Protein chains: 2
Amino acid sequence: MTVSRVINNTGRISVDTRKRVLSIMKEMNYVPNSMARSLVKQESRILSLLITDITNPFYTSLARGAEDAARQLGYRLLLANSDESIAKEKEYIETVLSARVDGVLFAPAGDDSLPNLRKLKKQNLPLVLLDREVPGIDCDMVLGDSKDGAKRLTEHLISLGHRRIALLNGASTVSTARLRREGYEDALKLHSLPFRSDYMAEANYRMGVTDTLVDRLMQMPEPPTALFAANNFLALGAIRALLNKGYRVPEDLSVVCFDELEAGFVVDPFMTVIAQPAYEFGYTGIQMLVDRIQDKAPAGWRRIMLPSELHVRKSSGEARFSFFDNE
Amino acid sequence: MTVSRVINNTGRISVDTRKRVLSIMKEMNYVPNSMARSLVKQESRILSLLITDITNPFYTSLARGAEDAARQLGYRLLLANSDESIAKEKEYIETVLSARVDGVLFAPAGDDSLPNLRKLKKQNLPLVLLDREVPGIDCDMVLGDSKDGAKRLTEHLISLGHRRIALLNGASTVSTARLRREGYEDALKLHSLPFRSDYMAEANYRMGVTDTLVDRLMQMPEPPTALFAANNFLALGAIRALLNKGYRVPEDLSVVCFDELEAGFVVDPFMTVIAQPAYEFGYTGIQMLVDRIQDKAPAGWRRIMLPSELHVRKSSGEARFSFFDNE
DNA sequence: CTGTTAGCGCTTTCAT
DNA sequence: ATGAAAGCGCTAACAG
């Protein structure tokens, strides 16, 4: 009818009819059905964002950025949470596919997300990968410089006099974990320090650190004097385990990590971190996605690498000498 | 066609046809269009959750609870974030209404959410209010016992010897803020302590505490020796301001608050809090909502009040005497 | 067991 | 400036 024209402010309509339509709309509490509209227009103006841990401030900041960008560009944002689970990710793919969203912002759980992502690509759905790369998938991406950040964090520890630096890493199936390890090894090499596999530990990014793991590290004949945790929650888990066991940070072990700790660091700015611009991850991601949807994007895939900052705080302190050290 | 029957596993279908259909579906990467389906079925199997601050661990835990419950009950969850803004809330209402979701879980920004909520009710959309009440709206609710929690927190301070206890409250347009103030006043009255309006301050729940505000409190002739903050972020903001100004917690000022601080308290369990079961807020809310949708709910409105726990930690210490005190 | 018809609420496109 | 017809992709209700 003419109603459609009124709603969409399109075509010529007499002032009178418009008024009448609007008043009747009010009267009967009419709300347009966006599904019906999407069905015929073949677009939903909905974008979707998948994060791996809604509990982690890195991802909530990212979500806020994505939300703001989406709103400004006239899209709605569907937010979902995979809990680092490939299975939930798969469910999620089904949903967004059948919901006919216009594009997807995707923080993959890891390399095993490949089949999930392939499915997405097969439908030609515009896709931007966030934070983590997945070998085998070519698409737009917004990443941090994990390798460089890890290197700077490790060098910070070395500059403090630490020679025995442990790495508490995420699963090696996640690109950021691999790169952070590389950066860590690079820094060691650069300063002629040996890489010791017994200083390596792996855990889930979602706070999967156990007391046992910390015990193993601290009860070695030559325990580390510093620990580089690959993300904020890993660091928190490690510190909790350390305190449980009666160790102090940084006196007994310096701890540094990737990603800011918002609430945590406010009480008493504590953690030395490489802070990534989480909000910009989301904001930039949505911009790239919408560019792609509206065919304003360049032909090739874009790969944006956002800079990070080293914040030195209290969790990292000077190494104290011991007879184990050679230097 | 027959395809619909295959997809929905409904009606009688020969094994052969089913196989053929499935294989062709695979071949052409067919994905059912859930909008078209919802259009005819008049239900979307989508629930929607609005929280006021995606950055606050209380709400992210709540969201995880809602997510889990929704998944288990066969619904999808659309997550959104109002930033405590009535305007964003309004936009959101438009969205969920036109998206024809089956029900809404709603944490209102405050009493001014009333028109927004009325709009929702006018469409007869099943609605569950979360965490905050709104005068004028009758519906299912999941709440915490703000008054009792505030009372217990205040009494904790009193039992520590504090007589001059300030209240840093949320906006008085939010029901929880009003109730927390009542609980605070009750505790004072019960212990024959005077209520002093100059010990009251108001700020936005989203970390809107300024150094000025803290200054005003601390530079009074009789400054408070303890501060009760109405939520976690208010406490964090206050502590940050205090540390900025060179005060120590709890030595110079004890600080306690509502709601847990997840990440924050892990580093070194610090804040004395009334912890609310955030996850259960979300989980229970979805259950009530789905009951309502499926007409399994009782006739009247249900109002569930979830219990909270007092966790005494380091941010609250014994009051030290001063000549200002009478007792 | 499978196909047909109709219609969910909208937006084209083409009349009037 | 307004209306009529057709169809987006699906399912309910009947045929066959």
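These numbers come from a predicted model, not from an experiment. No hydrogens, no waters, no symmetry mates; every other heavy atom, side chains included, goes into these values. Note on naming: letters A, B, ... go to the chains in the order of the sequence lines (proteins, then strands), and numbering restarts at 1 for each one.
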Check this for me: does any side-chain nitrogen of one of B:E133 and B:R303 sit under 4.0 Å from a carboxylate oxygen of the other?
yes

Carboxylate-amine/guanidinium proximity below 4.0 Å for A:R206 and A:D83
yes

Separation of B:R5 atom CZ from D:dC10 atom P, in whole Å?
15 Å

Angle between the end axes of the helix from C:dC1-D:dG16 to C:dT16-D:dA1, five pairs per end, to the nearest 10 degrees?
40°

Using only heavy-atom distances, determine whether the side chains of B:D53 and B:N81 contain a donor-acceptor pair under 3.5 Å.
no

Determine whether the side chains of A:R178 and A:S172 contain a donor N or O and an acceptor N or O closer than 3.5 Å.
no

Going by an N to O cut-off under 4.0 Å, is there a salt bridge joining A:K119 and A:E91?
no

Flag for A:D68-A:Y279: side-chain donor and acceptor within less than 3.5 Å:
yes

Would A:Y59 and A:F281 satisfy ring-ring contact (aromatic ring centres under 6.0 Å, His included), going step by step from the backbone distance to the final call?
CA-CA 9 Å; A:Y59 284 113; A:F281 270 71; 8.8 Å; no

Assuming nearest nucleotide by heavy-atom distance, tell me which of B:R18 and B:R100 is located more 5' along DNA chain C.
B:R18

Take the protein atom CD of A:E43 and the nucleotide atom P of C:dT11, then report the distance between them rounded to whole Å.
11 Å

When you compare the side chains of A:S44 and A:D102, does any donor N or O come within less than 3.5 Å of an acceptor on the partner?
yes

Identify, residue by residue, the members of residues 29-42 of chain A with a heavy atom below 4.0 Å from DNA chain C, and return them in order of residue number, or none.
A:Y30, A:P32, A:N33, A:A36, A:R37, A:V40, A:K41

Given C:dC1, is OP1 or OP2 found less than 4.0 Å from the side-chain N or O atoms of B:S14?
no

